[in-house]
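Below you'll find the structure, written out as structure tokens, and then a few comments.
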Amino acid sequence: MSIADTMIPPQAPPPVPPRPYTLTRFLGSVALGIWLALGVGIFFTVVEGWDPEKLSRYGPSFLSGLGVTLTLVTSSILIGAVLSLPVALGRMSKHKLWSWLAYAYVYFFRGTPLITQLFLAYYGLGSFRPQLESIGLWWFFRDAWNCALFTFALNTAAYQAEILRGAIESVPRGQHEGAAALGLPERVAFFKVILPQAMIVALRPYGNEIILMIKGSAIVAIVTVFDLMGETRRAFSRTFDFQMYVWAAALYLLMVELLRNIWGWLEARLTRHLKR
């Protein structure tokens, strides 16, 4: 008789003990049921009140507003990316003046609401019209679109600077020492060795920042910029049909979901060498 014949045959794993139905689970089930009921109710309400005439009439306006939103967010993100590098370097600088100025800039734009910053640029700077005219800047700040772009770019630059600073500081010290051992100048080592590695670390936070900018861009409708939300408000004021906001929500959701998938693919593509 072999040893295998004397061994106990494999047994099935013991059954998983049932989870007790606690108060937390009950409340969670109730909340989920309420959300499902609301979702189903909104769906049937939209289906029953569907008006193709309204879609054909206001659909082009929604697409125009969508284009304005995408243009504003894209321009702000790109300008903010350019501004964020010197701000991040200032935050890491050993020079107290530059470090303090960069800290004050980041502290203000991250510590105050975006809508307050927009009002300061649109209404606040408008109070200084004579001074702005004397230096030739009134042509810029008298336009609501320019004020929105100015505010959004400065706001996202502060957030991107902190993202970039954290990513740069996360690069191992050995990378700096290795670049120095190869005789690379500090500037070359920073742009060729340190910054590319930092950008990989910062990739996901950058995606989150863009998504927040897309959703936050809706406030520009308050200062008469007819973005997606601005066109939605105008359509609702003429129809008093809440489906206008449902369409806007669907478009915002579509933008965010597309960006999330594109960013996920980009992150997987750029970090494929890190996977084992």
Side-chain angles (χ1 to χ4, degrees), residues 42 46 54-55 57-81 83-84 105-133 137-162 206-259:
I42 292 174
V46 171
K54 290 180 182 177
L55 181 62
R57 181 177 180 181
Y58 297 105
S61 300
F62 275 75
L63 293 179
S64 174
L66 179 62
V68 173
T69 296
L70 291 175
T71 303
L72 176 63
V73 172
T74 303
S75 303
S76 302
I77 290 294
L78 293 177
I79 296 173
L83 296 176
S84 66
Y105 170 81
V106 171
Y107 182 82
F108 174 78
F109 281 98
R110 293 184 69 202
T112 56
L114 180 57
I115 190 172
T116 303
Q117 300 164 19
L118 180 60
F119 282 177
L120 286 174
Y122 184 65
Y123 296 111
L125 293 178
S127 303
F128 299 93
R129 178 175 179 176
Q131 291 80 1
L132 292 173
E133 286 180 339
L137 290 178
W138 175 243
W139 66 269
F140 182 86
F141 289 104
R142 70 182 180 184
D143 192 333
W145 163 266
N146 293 335
C147 290
L149 180 62
F150 175 77
T151 304
F152 278 45
L154 293 180
N155 180 273
T156 188
Y159 282 93
Q160 291 188 51
E162 284 298 281
Y206 269 124
N208 294 335
E209 171 62 15
I210 297 174
I211 290 175
L212 291 175
M213 287 295 296
I214 290 175
K215 294 186 289 186
S217 66
I219 66 171
V220 299
I222 302 176
V223 293
T224 68
V225 176
F226 288 100
D227 67 329
L228 178 56
M229 184 54 65
E231 293 292 350
T232 303
R233 293 179 62 193
R234 180 158 61 177
F236 179 79
S237 67
R238 296 175 179 177
T239 62
F240 295 100
D241 188 349
F242 82 97
Q243 290 189 48
M244 302 299 169
Y245 288 104
V246 175
W247 298 349
L251 289 174
Y252 278 111
L253 183 62
L254 178 62
M255 283 190 290
V256 171
E257 189 63 20
L258 285 175
L259 178 63

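In this chain, residues are counted from 1 in sequence order.
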Quick check for you: to the nearest 0.5 Å, what is the distance between [X] atom [atom1] and [Y] atom [atom2]?
{"X": "E162", "Y": "Y107", "atom1": "CD", "atom2": "OH", "answer": "13.0 Å"}
{"X": "E257", "Y": "I211", "atom1": "CD", "atom2": "CD1", "answer": "9.0 Å"}
{"X": "T69", "Y": "E231", "atom1": "OG1", "atom2": "CD", "answer": "9.5 Å"}
{"X": "L258", "Y": "L254", "atom1": "CG", "atom2": "CG", "answer": "4.5 Å"}
{"X": "L259", "Y": "I214", "atom1": "CG", "atom2": "CD1", "answer": "5.0 Å"}
{"X": "L118", "Y": "S217", "atom1": "CG", "atom2": "OG", "answer": "11.0 Å"}

Between [X] and [Y], what is the shortest heavy-atom contact and its length?
{"X": "M255", "Y": "L228", "value": "CE-CD2, 4.2 Å"}
{"X": "R110", "Y": "Y159", "value": "O-OH, 3.6 Å"}
{"X": "D227", "Y": "A218", "value": "OD2-CA, 3.8 Å"}
{"X": "A235", "Y": "Y58", "value": "CB-CD2, 3.8 Å"}

For a quick test of your reading: what N or O donor-acceptor pairs under 3.5 Å do the side chains of residues 144-157 make, sequence neighbours left out?
{"unit_1": "N146", "atom_1": "ND2", "unit_2": "F140", "atom_2": "O", "d": "3.1"}
{"unit_1": "T151", "atom_1": "OG1", "unit_2": "C147", "atom_2": "O", "d": "2.8"}
{"unit_1": "N155", "atom_1": "ND2", "unit_2": "F109", "atom_2": "O", "d": "3.3"}
{"unit_1": "N155", "atom_1": "ND2", "unit_2": "Q117", "atom_2": "OE1", "d": "3.0"}
{"unit_1": "T156", "atom_1": "OG1", "unit_2": "Q160", "atom_2": "NE2", "d": "3.0"}
{"unit_1": "T156", "atom_1": "OG1", "unit_2": "E209", "atom_2": "OE2", "d": "2.9"}

Positive for side-chain contact (heavy atoms from CB on, under 4.5 Å) with S76, one of V73, L72, I79: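 Only match with S76 under side-chain contact (heavy atoms from CB on, under 4.5 Å): L72.
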side-chain contact (heavy atoms from CB on, under 4.5 Å) partner of E133, chosen from W139, F128, W138: W138
F226 side chain near R233 side chain, heavy-atom distance below 4.5 Å: no
Side chain proximity check, W247 to T232, heavy atoms < 4.5 angstrom: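 No, every pair of side-chain atoms sits at 4.5 Å or beyond.
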Intermediate values then yes/no, side-chain contact (heavy atoms from CB on, under 4.5 Å), F119 and I219: CA-CA 10 Å; F119 282 177; I219 66 171; over 6 Å; no
